[in-house]
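Quick caveat, the model's predicted, so the values are computed rather than measured. Lettering of chains follows the sequences in order, A, B, ..., and the numbering in each one begins at 1.
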Amino acid sequence: MVLKPSDFRVPEVYADWCPGCGDFGIMNALQMAFAELGLEPHQIVLVSGIGCSGKEAHNVKCYGVHTLHGRTLPFAMGIKVANPNLEVLAIGGDGDGLGIGAGHFVNAGRRNLDMTYIIHNNGVYGLTKGQASPTLRLGVQTKSLPKPNINEAINSIGLAIISGFTFAARSYAYDVRHLKDTIKQAIQHKGLAFIDCLQPCPTYNNVTTKEWYAGEDRKDASGKPQPRLYKLEETGFDPVVHDWAEDFQKKMAALDKAREWGDRIPIGVFYKNELEPTFQDRLTSRIPFYMQRPPAKQKLCDENGFSTVDLSEFMKELKTS
Amino acid sequence: MKSVVKQERMALSGDEAVAYAVKQSDVDVVAAYPITPQTIIVERFSEYVANGEVQTEYICTESEHSALAACLAASVTGARTFTASASAGLALMHEMLFVTSGCRAPVVMAIANRALSAPLNIHGDHSDSMAQRDSGWIQLYAENAQEVYDSIIQAFRIAEDVDVLLPIMVGLDGFTLSHTLENVDTLPDDAVKQFVGSRKFPNVLTHEGKKAPFKLDPETPMTMGPIALPNYYFEFKRQQEEAMKNALSVIQKVNSEYAKISDRSYGNGLIEPYRLDDAEIAAVCLGSTAGTMKTIVDALREKGVKAGLLRLRTFRPLPIEDLRSALCNVKAVAVMDRCMSFGGHGGPVFHEIRNVLYDADVRPYVVNYIYGLGGRDTSPLELRSIYSDLQRIVAAKRVEKPIQYLGLRE
């Protein structure tokens with residue numbers, strides 16, 4: 001059965017984001033990507049955190065888990081390890097993933113589970129009225145801040161690459177087609193994929209607005225806006241690591257691109273390496289039947305509720321007489 | 001009794017009342033992380049900071065765990081510190097709560113009481129602070145925005161008393177108090193500043209053999225919260241318990257001293273009995289529910305029913321003697337819990353009240369009502385039914401169902 005994007009809608013749930021919120025674009029892109037990849041709702045798990053982005057899991061028809069603030073990745077990792085046959089996507093805000101959950105972000109990179117992590121990056125805590133998030137840059141003053149931000153932003157793409165994510169990309173919530181293609185690539189990538197999804201917050205971020213991204217403040221001689229976003233794939237940038245020998249150079253090129261901000265902001269894939277074994281590969285090397293019989297498919301008890309694990313041999317070793 | 005100082009009546013929500021009280025209390029450091037329904041507290045306070053209305057260092061942290069860590073660190077250097085949280089935020093602080101009380105750091109924290117996940121719920125109940133019952137923090141629960149304001153000011157005095165030196169949390173029911181606008185009579189800035197005073201420190205012996213105020217100061221180096229293995233740890237914990245016992249009299253003293261300047265007091269600061277003297281049946285509750293319960297008691301009294309109410313304001317330390325003497329002459333007591341102790345025998349307040357009454361000469365019948373979880377509205381009619389149940393219990397001379405749920409679909 002081929003599903004349409006509309007088959008992933010949840011009409012009975014009212015999406016109560018503010019008008020113009022980037023979350024709508026991300027929701028649409030997810031639904032389109034799932035349909036184009038031929039996935040079905042029962043094959044997908046969306047794990048979300050706390051904040052406006054947390055509601056994505058309510059609004060896309062698939063398995064959804066709305067978790068605690070900052071803990072999207074641990075939940076998602078547990079699900080993926082228990083059942084590696086599921087398509088697992090973790091979704092969270094910038095504060096969720098790069099503030100309170102930054103420790104999980106870094107450590108997820110060490111495992112390279114074959115799943116996707118999308119951060120909604122709008123520079124503010126939208127749900128609690130616009131405090132600065134960890135992606136708001138030093139000196140920027142959004143609506144709710146009495147003074148310009150005193151903290152520097154985390155470079156999420158850079159952090160992902162250094163932490164061991166084997167796919168790092170950026171997209172834009174208002175360019176739904178580009179975001180959809182990026183999500184598809186991230187899902188198809190063999191390993192841990194990260195997408196930094198830029199999005200305006202029409203309610204609280206009055207600095208990096210959709211007009212700002214579209215470059216309405218910088219027009220050329222003919223009066224045409226000069227958009228700030230440009231696509232890496234259109235510049236001939238090759239993010240793919242074909243051989244371990246070029247990994248360092250590819251990483252450095254990606255980090256260099258990740259530093260760009262201001263008048264020219266790259267979107268697209270920064271880095272992609274499928275040579276690194278995934279966590280599933282690593283587990284399979286120790287447990288040969290892991291993919292066929294992962295924890296989710298193992299029987300925990302017999303029909304009478306007794307454990308299926310035979311501990312008698314083990315218990316014999318502990319006997320002292 | 002006449003009010004000693006002239007007061008200004010303001011329209012404040014519970015959250016705003018907290019922020020205003022903190023503003024007047026000359027606080028050195030505030031560190032916090034936003035969470036509904038607390039956010040307005042630190043939001044308002046950040047406005048005072050931005051406007052230069054307070055001399056406070058304001059730290060935006062990346063989580064509640066870090067917020068309390070920052071407050072603890074500031075507090076042990078001698079700074080007066082404040083933070084606020086709720087629900088999952090308070091739960092995330094769990095580890096730091098114990099470190100704070102163990103370091104004897106008098107941090108003041110407002111809790112806009114909210115249910116815990118899962119399922120996710122932002123509305124009021126007492127699950128968050130009750131889960132921190134044994135963390136070594138003093139716990140007060142306020143009935144209305146006025147009491148919220150008064151309690152925050154008192155909290156600094158209680159926590160920083162040299163016989164106490166314990167952190168304190170003041171609970172205000174999420175949304176019911178945190179977001180509802182009420183009339184609040186506020187004291188002038190200088191009256192609050194004078195009442196709260198500056199932080200005092202007991203003198204302790206440092207490892208260099210000097211006598212020095214108990215705070216981190218490079219001039220008189222000392223160690224706080226160090227490792228204490230089986231040889232000393234137990235004694236530290238015993239001292240915390242002693243401080244809790246001391247807090248019972250300090251809370252009463254602060255309550256009556258505050259009454260002298262404000263003309264407002266809350267029972268003896270520990271419990272607030274309402275028409276309890278000759279009551280035959282009585283309810284025990286915490287927080288904003290008491291407001292509705294008082295009107296029900298009044299209506300019952302008009303009909304000649306000898307009904308009463310005991311509002312437990314101080315849950316930790318538990319005023320054991322006060323509770324026992326206030327309730328021992330009642331024939332039947334209904335204990336109201338806005339929290340569950342899963343698998344236990346009733347809610348946490350029920351455990352305490354029943355325990356306290358075990359030593360009474362004549363034990364009243366005690367029944368538990370669990371109500372209002374996740375912000376479930378409890379109507380006056382439902383609350384009224386508690387007293388009818390108590391009348392039936394007294395008549396039947398037995399409790400048929402000790403644990404009851406109010407306003408629940410089953």
Verify the neighbour count for atom [atom1] of [X]: are there more than 12 heavy atoms of other residues, nucleotides or ligands below 6.0 Å?
X: B:I227; atom1: CD1; result: no
X: A:K210; atom1: NZ; result: no
X: A:K55; atom1: NZ; result: yes
X: B:Q55; atom1: CD; result: no
X: A:K143; atom1: NZ; result: yes
X: A:Y63; atom1: OH; result: no

Derivation of the side-chain contact (heavy atoms from CB on, under 4.5 Å) call for B:I35 and A:H69: CA-CA 10 Å; B:I35 185 167; A:H69 193 33; over 6 Å; no
Test item: [X] and [Y] side chains (from C-beta on) under 4.5 Å apart, heavy atoms:
X: A:L68; Y: B:S117; value: yes
X: B:L92; Y: A:R71; value: yes
X: A:I100; Y: B:E62; value: no

Nearest-0.5 Å distance, CG of residue A:L127 to OG1 of residue B:T36: 5.5 Å
Shorter than 4.5 Å, heavy atoms on both sides: which option in A:I50, A:L145, A:T128 has the most such pairs with chain B? A:T128
Quick one: what part of A:I150 sits under 4.5 Å from any heavy atom of chain B, side chain, backbone, both or neither? neither
Examine whether an atom of B:E43 lies under 4.5 Å from a heavy atom of chain A, and if so say whether it belongs to the side chain, the backbone or both; otherwise answer neither. side chain
